[in-house]
Amino acid sequence: MHQLTLAEIARGLADKKFSSEELTKALLARIAQLDPQLNSFISLTEELALSQAKAADARRANGENGALLGAPIAHKDLFCTQGIRTSCGSKMLDNFKAPYDATVVAKLAAAGAVTLGKTNMDEFAMGSANESSYYGAVKNPWNLEHVPGGSSGGSAAAVAARLLPAATGTDTGGSIRQPAALTNLTGLKPTYGRVSRWGMIAYASSLDQGGPLARTAEDCAILLQGMAGFDPNDSTSIDEPVPDYSASLNGSLQGLRIGVPKEYFSAGLDPRIAELIHNSVKELEKLGAVVKEISLPNMQHAIPAYYVIAPAEASSNLSRFDGVRFGHRCESPVNLEDLYKRSRGEGFGAEVQRRIMVGAYALSAGYYDAYYLKAQKIRRLIKNDFMAAFNEVDIILGPTTPNPAWKLGAKNSDPVAAYLEDVYTITANLAGLPGLSMPAGFVDGLPVGVQLLAPYFQEGRLLNVAHQYQLNTDWHTRTPTGF
Ligand code: GLN
């Protein structure tokens, strides 16, 4: 049963081949058996899952239907879940039980999805390897000595290992697409404002966006359908109707204009990945797409701009964790300053502290203009590059990451080396555009992803291209040995 996709589960439940309760029990048993190797969950929610599964079975017995009704999923542990620990991968929130559900959690629960647990992640979503988690690193099911990517590494590893069919993630600079690429999944970062951020613990508010991780584009369409939509509780949520994503999957690719930026193929990209990307282009050409070289001239400035803006916003967002109202508090503080210093010093890990310091520095008087304001100007130039490109093409295609998954610990002593791995993903966040990563082949037995970017609110186009590609390739069906 663990090999079933969300689409297959919906059919199986509708045809009464199995119940949601049976499926939920089978997957919980599989998690108990296999997750100790991976560490992909921070919390399991067995009781909640079984009661949601029984409720979904009862709704189906009453004639209700729905693609997510009775479907097992998990949430990245930064989506608030009422009465359940929401740790954000941090010691700071190890004891935090959210008093309410995030909009995404509430919407998916209302659609009948079954929550199996909360997945491991980089602390406060800062990282690309899932090694900064207070709860320990997550292992890549394709090779347990390698990282699964981050920051949604727990969601990715769990889905890739067939512990469950799909999970939520968030993407501030690539944290859905990059772990999807590194574990052979399909992951979608929606347009900024498409999915509510209410109850999603903030890292960098102008960049953060929730989205689905699954094995197929078809399943991403199903999960996104349950997540997307206007939310009056999120002032950046956009009041646009949500299209039927599953209905968009079957469009023809005849005449689709694909732009391949020449800047993507510079030094730094593993040549074996470049070859796989060219193969995926050829595959799409066979389906009728027309390929054109384009240019994104300001791409070289993206990493420096992102690593000013994201820490700046993080330093502000994380100021609320001060040991006073919730979260970790140090033992016997002697005064208020001591309380702040020690609570934050003990509660936050090294990477989070580094980002807070960088962000506070970039925002400080005298440096604001030189760093933060300049980064915002670069952000606009990057957006303008995309706008110009989308006058000429319908989709932009390239690698998701410059390298396959690296070995655990390999980049621990050099944070900048890890930041450089984000080169292809962060531009979509800076511009607010939707992006998708899908499986494109393997290098040394490790998965490689191809990234597609589209204009605002064209998630349906991304899913359409990915689905047509997946009907004609079988990379996404490969299962890691041992799982
Ligand atoms: N790797 C990037 C960072 O560390 C992106 C993380 C994310 O998207 N949450 O900031």
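One-based numbering along the sequence shown. Whatever order the structure lists them in is the order used to number ligands and atoms, beginning at 1.
At a 4.0 Å heavy-atom cut-off, ligand 1 touches Asp422 through the side chain alone. With a 4.0 Å heavy-atom cut-off, ligand 1 is reached by the side chain of Arg355 but not by its N, CA, C or O. Contacts between Tyr307 and ligand 1, counted as non-hydrogen atom pairs separated by less than 4.0 Å, involve the side chain only. Contacts of Tyr203 with ligand 1, taken as heavy-atom pairs under 4.0 Å, involve the side chain alone.
For the residue pair Asp422 / Tyr307, a side-chain donor-acceptor distance below 3.5 Å is found, with atom types taken as modelled. For the residue pair Ser90/Glu123, the side-chain donor-acceptor check at 3.5 Å is satisfied. Of the N and O atoms on the side chains of Lys118 and Ser87, not one donor lies less than 3.5 Å from an acceptor on the other residue. For the 3.5 Å distance criterion, the side chains of His75 and Thr168 qualify, holding a donor opposite an acceptor.
Looking from atom 7 (C) of ligand 1 to the surrounding protein, the closest heavy atom is Ser175 OG, 2.3 Å. Residue, atom and distance of the protein heavy atom nearest to atom 5 (C) of ligand 1 are Tyr306 OH, 3.3 Å.
Remark: Glu421 engages Lys411 in a salt bridge (charged side-chain N to carboxylate O under 4.0 Å, His left out) (not counting sequence neighbours).
Residues His467 and Tyr245 place their aromatic rings such that the two centres sit no closer than 6.0 Å.
Less than 4.0 angstrom separates some heavy atom of Ala125 from each of these atoms of ligand 1: 6 (C), 7 (C), 9 (N).
In this structure, Gly127 counts as a contact residue of ligand 1, since one of its heavy atoms falls inside 4.0 Å of the ligand.
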